[in-house]
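A short worksheet on the structure shown next.
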Amino acid sequence: MKKCGASILSITASTLQVSVMMACWLSLAASPAFAEDEDQRSLELYNGSASEFVSANRSPRPASQTAENITVVTAQEIEALNAHTLADILTVIPGIQLEMLRTPGTVSNFEVQGSSFNHVLVLIDNIPINNLSDNFPDISAIPAQLVDRVEIVKGAASTSWGSALGGVVNVITKSPQQERPVAGQVSGSLGRRGTADTRAELSGMASRLGYYLSGGNLRSDGLVPNNSINQSNLYGKVAYDLPVHGVLGFSTLYLNGSSGQFALYPYKADQHGNQLLSNLSLSYPISDHLNLEAALKSKVISQEIQIKLLDNTLLQVHNTEESSVGGSASLSWVSDLQRVVAGVDYDHAKARLRVPQAQQDLLNRSADRVGIYLNDTFTIGNLALTPSVRYDHTGTGDDLFNPSFGVTYALTDNSVLRGYTSRGYSITSLNQVNAVEEVWTSQIGFESGDIPYLWMKGTLFRNDTWNVSSTVANPNFNASDPTSSPTLNIKRRILKKGGEVELRTTPVMNTSLSAGYTFIDAHADDTPGVLPLVPRHTVKLGIKYQDQHNFRVLLTGSYIDWNGDRSNGKYDDFVWDLHLAKKFSLSSTLSLELFASVRNIFDGESYVSERYKNPGAWAEAGVRCNF
Amino acid sequence: MQLLRTLVVGILLLLLPLPVLAYDVLVLQSLRERSYDEALRGVRRECAASMRTVVMSDYAEIDLTRLMREEHPRLIIAVGDRALEVAERQRNVPVLYMMALHAKVRPGAPVTGVWMMLDPQRYLSVFDSLGTRRVGVLYDPQRTGGYLKRAQVSARRSGIDLLAREVRSPKETVAVLESLRGKVDALWMLPDLTAVSTETTEAYFLFSQGERIPVVSFADAYLAMGGAVALSFDRYDIGRQLGGMAQSVLDGTAVEELPTQYPRRVLMKVNDGVLRRFKLAVPGGS
């Protein structure tokens, strides 16, 4: 009750902050007349006063026609966030909870509708970045500049993607610029504690060959103790348009860096390592209705984590070497009424985790994983039915068979009812035979852009997970017994029920609003009451101003009620970030953009553990040059 | 769980007898306007395929990538320049366009359509029948440079001397027109948003009256202002022309095999008063 009161008080205070911000905002928002649309002017050129433009009620966006709850972040939205890494992008998405958001680029945990990081598959160019030892996806290592769009599937997506119990974050990288042989961007930013992000991109197309190259360095002395970073990245993508039809592509991403993880008396931890991800892909239309997609993928990760005392005395070193080589092939057949995708995924995974001091391997194992799937979308009138099945040979545990069934019904051109139910799984470690955790997800939802000036999406979900590895306090712990452990590893069943609402408005006086709210009620079979540390309330807010003079302001707010131990964590506050940008067009191909961000402008506290405290207000500014 | 399943099944059962939503053609339209509707009526006359229309001006943002991934149309018909620009960015589905004045298509892209500009030879025939050999024309190389190059090739063949003058900004139009004084027998008004604007249209007709030379324009609206001849296209027929191409693509013809076409049906209207004043006549003029 006390906790609830504290939350309400903090939300009220935060609401006041929002109201003040809104008032300032609306007073800033003039009503500039936008330049006439080129098409409108063309028609007026021909028809003069006889042109009849019909103004329909504007909607923020068309309703999505998929059965799953999918959120898409586009390149335009990413640019407005002045994001450094994928973590900065995900933090604004309704239903996603960032657990540690500190110095840009340093390690960060996240959840999707309460599903922990090791239940969410993160892909870049269709290569999973989750590691093999504990299925951890290092989202902070992915540089934002190469991201074109991010598609987030909330809820089990195993029938399409395999190990994806809680959802999928699918990162699609930028494509070669098609209009010119050479185009690009150089950018740099500098902020508190020497936080600097320098980047360069080159892109273009010559004849049939397109390329996109990107490189950058992100460094900081650390916004919180022992949270410094120095990370470099190189990315290259080439796409070759095959004669007649089809595209052959190759992409590779190399990441190298070191960072401080945390410092809390008497310990601290540092990590350094590198990753190389490569993908060779083919997209080939065999006929008007039949398309072939094939890919060869590889991933190599090398990482060292050092645990030390604060005086730098080395206590323990963990060395991880991982590799994963595989391929995929799928055939899709599209007709008037049906779309069928059949495919196979193969992966040879190998991992070794060493602790040199202990002179033993914590993990040294390999596995061959194979998945075969069949997805069908069958359309009958306004109704689309999507039955899917997938069979997986996990290589380390039991083989799995997962079905799913989705349905959408288009109420109007811009309103959709959806339902989705699916069984799914995640392999949370290569090391354990019993590391397959499973879920049955069910969702119903409604999405509409028919209400004037408003787009809305509502989803009710129920995620029943079992065989979930959890560490709990040992009730029989005996401190005097050296063989007794204070914690126990158990397998538990967790039921999460909840709802999510997303809203967006069309711009009025150049200003648009967005909001998202997620409620999760989680219970475990071994504990009475609500399960702690599953975020109970998540609120995401955004206010965007963009005028015809290329001036852009974006204010984002995030509040997460972690429902955890308040003696260790603090999360009563909204964390507000302000992003500003002004672009100057110097010619048709050359532009300069000045940008600045003030992050956590009200010094909000939002963390679940003292060890991973979030930084207070900090600012950075930079410049981008597009050519 | 049971409740959710029951709800899903209940919704399914309630909504069974339904019209068809799956479609072959995504019509991506820049905005809502009568001319576009007329052209689309023509498309539907020639192409029986199922279509979904998305009007871009109805939405603050359009994520075409998502639309394509979810709905899998076999063909996009882009109506207007903005629609063409967005449609051309995706590379998987062929695009046919119409009513796009500034259509510039990347070489090799699976994009074709019907231009909004008429075959320059049609205009040159009018100048020929008017007996005007020196024709002045103002253009912005960024907008109509390519069209003018084609016109100059045709003009040389027709024995017409095309005096083309560049304008980079609407402000230059009046001065550039003045530079043609005494040098031309007729003016050719191009549908070029730099060369012809609300502020400068009158200058063409003042020049025409002062020099006693006819203005041949691209739309009927300019006849009432003092234009002598207007050659324009038939929107419904442009739609039919594009509809035929769409049906052909859906029947299996590769877009690359279909060259971009000029509007095939040309409408000519004349201002008799102006022609009489300048002692000119056009065979077949109405």
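On a predicted model such as this, the values are computed, not experimentally measured, just so you know. Proteins get letters first, then strands, A, B, ... in listed order; numbering begins at 1 in each.
A salt bridge does not link A:D464 to A:K496: none of the charged nitrogens lies less than 4.0 Å from a carboxylate oxygen. Taking a cutoff of 4.0 Å between a charged side-chain nitrogen and a carboxylate oxygen, B:R143 and A:E38 qualify as a salt bridge. With respect to B:R66 and B:E70, a salt bridge is recorded, a charged nitrogen being found less than 4.0 Å from a carboxylate O.
For A:N414, the part lying under 4.5 angstrom from a heavy atom of chain B is the side chain only. Contacts of A:T408 with chain B are absent, with no heavy-atom separation under 4.5 Å from either backbone or side chain. For B:Q142, no part lies near chain A; criterion is any non-hydrogen pair under 4.5 Å. Only the backbone of B:D192 comes within less than 4.5 Å of a heavy atom in chain A; its side chain stays farther off. Within the 4.5 angstrom heavy-atom criterion, only side-chain atoms of A:E151, from C-beta onward, approach chain B. For A:S42, the parts lying under 4.5 angstrom from a heavy atom of chain B are both the backbone and the side chain. Contact annotation for A:R504: only side-chain heavy atoms (C-beta onward) come within less than 4.5 Å of a heavy atom of chain B. Looking at A:I70, neither its backbone nor its side chain comes within 4.5 Å of chain B, counting heavy atoms on both sides. Of the atoms belonging to B:D81, heavy atoms from both backbone and side chain fall under 4.5 Å from chain A.
Annotation: side chain of B:E166 is in contact with side chain of B:Y139 (closest heavy-atom distance under 4.5 Å).
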Practice item. Step by step, work out the side chain to side chain donor-acceptor pair (under 3.5 Å) result for A:N47 and B:R235. Key: CA-CA 12 Å; A:N47 304 335; B:R235 297 173 192 114; 2.5 Å; yes
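Between A:E293 and A:S283, the side chains place a donor N or O and an acceptor N or O closer than 3.5 Å (distance only, hydrogens not considered).
In this structure, B:Y123 and B:W188 have tilted ring planes: the angle between them lies in the 30° to 60° band.
Taking B:I62, B:V54, B:T65 one by one and counting their heavy-atom pairs under 4.5 Å with chain A, the maximum is reached by B:T65.
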